[in-house]
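See structure below.
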Amino acid sequence: SFRSFAEANGPRIIEFAVSGTVPVQTPIVINNDNLTVRGHTAPGTGFSLQATPAVDTFTMRIIASDIHIDNIGIYQNNGQPSVNRDALNISTSSRRVVFSQCTIMWGSDETISLYRVDNNVGIVTLQYCLIAEGLSQTQHPSGEHSKGILIGNDIDQVSFHHNWLT
């Protein structure tokens, strides 16, 4: 499964022989270095991850280095009321992380958040991505809230270019 390879130890490359949307029951947490996801190999409509109502934090979290992900969809909100849900979270010692040509949508807190918890986060590239439709009418404690992207002030070397932010 996508989860077993994404969360495995050691260098790994994920390529796809099938396409479709995978329902995410619990967050996918990538906490082992050296992962390449080649979403462009998925046939037809491509590959995407969609959070289910059981997910109460984020669809995907990166806590690792040397991560390259291209051409996948990461969707957070599933039409259910939500509180603090990010589609993508990059934090805690993540270095050399690249997202290219991805669609990342429907966060009810932030759609993408990059922040430092206890170690340096940096050398992160988001390029040619669609970051869209943050949901402002949710049950967030701050009321109308959702933001497209949050980049913490202690993040080192972020490249954010050729993206569509809607």
Side-chain angles (χ1 to χ4, degrees), residues 1-8 12 14-31 35-64 67-92 94 97-115 124-152 158 160-166:
S1 76
F2 178 81
R3 178 184 299 278
S4 65
F5 282 100
E7 295 180 349
R12 58 234 181 265
I14 298 175
E15 294 186 339
F16 299 90
V18 297
S19 62
T21 300
V22 173
V24 176
Q25 301 291 330
T26 59
I28 293 175
V29 179
I30 299 171
N31 58 5
L35 170 66
T36 300
V37 177
R38 294 180 176 163
H40 65 275
T41 62
T45 58
F47 176 81
S48 59
L49 302 166
Q50 170 72 59
T52 66
V55 176
D56 62 356
T57 53
F58 39 78
T59 307
M60 178 183 287
R61 185 175 192 194
I62 309 293
I63 312 172
I67 307 297
H68 182 264
I69 298 176
D70 73 51
N71 287 281
I72 70 168
I74 303 171
Y75 309 122
Q76 175 45 259
N77 196 289
N78 46 30
Q80 302 296 317
S82 59
V83 180
N84 288 329
R85 294 181 178 167
D86 298 347
L88 174 63
N89 171 272
I90 302 171
S91 65
T92 312
S94 298
V97 175
V98 176
F99 277 82
S100 182
Q101 300 175 3
C102 293
T103 301
I104 307 164
M105 298 174 59
W106 301 329
S108 61
D109 189 19
E110 289 82 38
T111 299
I112 300 174
S113 58
L114 286 81
Y115 63 87
V124 174
T125 300
L126 295 162
Q127 62 187 13
Y128 301 99
C129 292
L130 172 63
I131 301 157
E133 299 181 8
L135 304 175
S136 63
Q137 301 298 323
T138 63
Q139 296 176 352
H140 194 280
S142 299
E144 186 174 345
H145 176 78
S146 185
K147 310 301 179 211
I149 184 167
L150 169 69
I151 301 174
V158 174
F160 185 82
H161 66 89
H162 294 89
N163 296 296
W164 286 354
L165 197 62
T166 67

Walk me through it: do W106 and Q76 pass the test side-chain hydrogen bond (donor to acceptor under 3.5 Å, both in side chains)?
CA-CA 5 Å; W106 301 329; Q76 175 45 259; over 6 Å; no
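- The minimum heavy-atom distance between P43 and S19, with the atom names listed, is O-CB, 2.8 Å.
- In terms of modelled atom types and a separation under 3.5 Å, the side chain of T59 and the main chain of Y75 share a donor-acceptor contact.
- Counting only distance, with no hydrogens or angles, the side chain of R38 and the backbone of N71 share no donor-acceptor pair below 3.5 Å.
- Atom CG of residue L35 and atom CD1 of residue I62 lie 7.5 Å apart, to the nearest 0.5 angstrom.
- Not a single donor-acceptor pair under 3.5 Å links the side chain of S113 to the backbone N or O of N89.
- Note: R12 CZ to I30 CD1 = 7.0 Å, rounded to the nearest 0.5 Å.
- For the side-chain contact (heavy atoms from CB on, under 4.5 Å) test with F99, the passing option among L88, V37, V124 is L88; the others fail.
- Closest of all the heavy-atom pairs between P27 and E7 is O-OE2, 3.9 Å.
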N31 vs R61, test: side chain to side chain contact (heavy atoms under 4.5 Å, CB included). Steps then yes/no.
CA-CA 8 Å; N31 58 5; R61 185 175 192 194; over 6 Å; no
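- A distance of 10.5 Å separates OG1 of T103 from CD of E133, quoted to the nearest 0.5 Å.
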Could you please spell out the steps behind the side chain to side chain contact (heavy atoms under 4.5 Å, CB included) verdict for M60 and I69?
CA-CA 12 Å; M60 178 183 287; I69 298 176; 4.0 Å; yes
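- Scanning all heavy atoms of the two residues, the minimum distance from S94 to S91 falls at OG-O, 2.8 Å.
- Considering CD1 of I151 and CG of L114, their distance stands at 6.0 Å, rounded to 0.5 Å.
- In this structure, R85 and P53 approach most closely via the heavy-atom pair NH2-O, 3.3 Å.
- Of all non-hydrogen atoms in Q127 and N163, the two that sit nearest each other are C-OD1, 3.3 Å.
- Between the side chain of S48 and the backbone N or O of I74, no donor-acceptor pair lies under 3.5 Å.
- Here the CD1-CE distance, from I131 to M105, works out to 11.5 Å after rounding to the nearest 0.5 Å.
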Go through D70 and Y128 one step at a time and tell me if the side chain to side chain contact (heavy atoms under 4.5 Å, CB included) criterion holds.
CA-CA 10 Å; D70 73 51; Y128 301 99; over 6 Å; no
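- Distance check: I14 CD1 to T41 OG1 gives 9.5 Å after rounding to the nearest 0.5 Å.
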